[in-house]
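Treat the numbers as computed from the prediction; the structure is a model and nothing was measured.
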Amino acid sequence: MSPLAELLSLDLSGCTGKIIAEYIWVGGTGMDVRSKARTLPGPVDDPSKLPKWNFDGSSTGQATGDDSEVILCPQAIFRDPFRKGNNILVICDCYAPNGEPIPSNKRYNAARIFGHPDVKDEEPWYGIEQEYTLLQKDTNWPIGWPLGGYPGPQGPYYCAVGAEKSYGRDIVDAHYKACLYAGINIGGINAEVMPGQWEFQVGPSVGISAGDELWAARYILERITEIAGVVVSFDPKPIPGEWNGAGAHTNYSTKSMRSEGGYEVIKKAIQKLEARHMDHIAAYGEGNERRLTGRHETADINTFVWGVANRGASVRVGRDTEKEGKGYFEDRRPGSNMDPYVVTSMIADPPILWNAGLSNGR
C-alpha cells in the first residue's frame, strides 16, 4: 500500500471522537453535484442536529458576486462509504440568507407536497430506474467502444456477461456496494441495451426520501468514477442514431393503488397525468426530445400513450398489476438527467391533490 493510500485509509476512531461530514448539494445547472467537508465534535444521526453551513453561490451559478452567500440546510444523512467509521454524507438544500429557497432548490416544493396530509396518508412509494453511460475521460466516448468507431449493433449487451459485451462492471459493483453501505435503498443493477450503459434502481422509497436517496447515489457514483478515471454521463441520448437513450423510469404507487380495487385508481391517476403531459415533459429532463422519438423503447414526446406491458408507452402498467387488480405504474418519460424531487412530486401532485381540490396548479 502506498503512503497516500495508507493515509486515506486511516481509522480515526482510536485517536479522536470527531467525525467528518460531507455536505452535498445540487449546483446551479441542476445536475452538477457539489460538496465540501467539515469536522464535527462527534457522531450525528439526525439532520436537524447538524449545523447549517454556507458556500459561495457566485462560483456555482446560484448567486451573484455582490451577494454570494448561500445557506446549506442539512436534510438527510447517509453513512460515508469512502471515509467509513462514523463519518457521514449529508444531503442539503439551498436557501438565501433571508430563509427563502433559491431557484435551484427543487427539494423545497417537493417537501411541501409530500408533507401535505392527503399525500402522507396515501404513502406514495417510488422506484426509480437510473440509467447512465460510462465514458472514456479523454475522448468522451463510451468505455469499451473502439476509439472513434462503433461496436456491433444492439442486442448482445443487455444484462450481458463477458469481456466483449460488458464494460465497466467493476465500477458498477463498487457503486452498488457503496450505496448499500451508505444506507441507500438501492434495489439492483443491470447492464443496459447500449454497451457502456448501465442502470441502478433506488426504491421502494417513500415520498421525499426517493429524491434524497437518488441524489446521494448519484454523488457516490460521481466519486467512484472520479477514482476510476472515467466520466459518468446522464445525457438522455449520449450517442445519436440507432442506440438507446438513457432514462429514469419512475415507478409509482399509493396506498389506494396497492389495495383492492387499486387498478381503477391507477387508471384514473394516469388520466390526470395525461391531462398535464406537456407540463411533465417540460420538467422531465433537458434534451429529452432527443430520446423520446417513438423508437428505441420510447413513446413520441408529443403523444401520451399508456398500456399494459408496453415499453413503447409513456406510462406502462405491468401484467401483474392488471392481473391482481392493484399495484403500481411506471412513468417512462423522465430522462436520465431529471431532478427526482421534481419528477416524484409532479407524479404525486395531480393523482392525490386533485382529488382534494388542493393541487398547486403547476
When every non-hydrogen atom of Y167 is compared with those of A163, the smallest separation belongs to CE2-O, 3.2 Å

- prompt: Going through the checks in order, is the salt bridge (charged side-chain N to carboxylate O under 4.0 Å, His left out) test met by R332 and E330?
  reply: CA-CA 6 Å; R332 297 178 59 81; E330 174 193 37; 3.2 Å; yes

Give me the ring orientation class for W243 and Y150: parallel if the planes are under 30° apart, tilted from 30 to 60°, perpendicular past 60°.
-> parallel

Besides L4, the hydrophobic cluster formed by Ile, Leu, Val, Met, Phe, Trp and Tyr side chains linked at under 4.5 Å, directly or via other members, contains L8

**Donor + acceptor pair across side chains of N244, Q154 (<3.5 Å)** = yes

So, is the end of the R218 side chain (NZ or CZ) under 6.0 Å from the ring centre of F234 and within 45° of the ring's axis?
yes

Give a yes-or-no answer on whether the side chains of S314 and R333 include a donor-acceptor pair shorter than 3.5 Å. no

- Would T29 and D32 count as having a side-chain donor-acceptor pair, cut-off 3.5 Å? yes

When every non-hydrogen atom of K237 is compared with those of R290, the smallest separation belongs to O-NH1, 2.9 Å

Heavy atoms of Y23 and C92 approach each other most closely as CD2-SG, 3.6 Å

Between E100 and N98 the two heavy atoms that sit nearest each other are N-OD1, 2.9 Å

TODO: For R295 and E242, run salt bridge (charged side-chain N to carboxylate O under 4.0 Å, His left out): C-alpha distance rounded to whole Å, both residues' side-chain angles, the deciding distance at 0.1 Å, then the answer.
DONE: CA-CA 9 Å; R295 304 183 63 200; E242 296 302 312; 2.8 Å; yes

Q.
Within the 3.5 Å criterion, strictly below it, is a donor on N185 or E213 matched to an acceptor on the partner's side chain?
A. no

Would R223 and F82 count as a cation-pi pair here, with the cationic atom under 6.0 angstrom from the ring centre and within 45° of the axis? yes

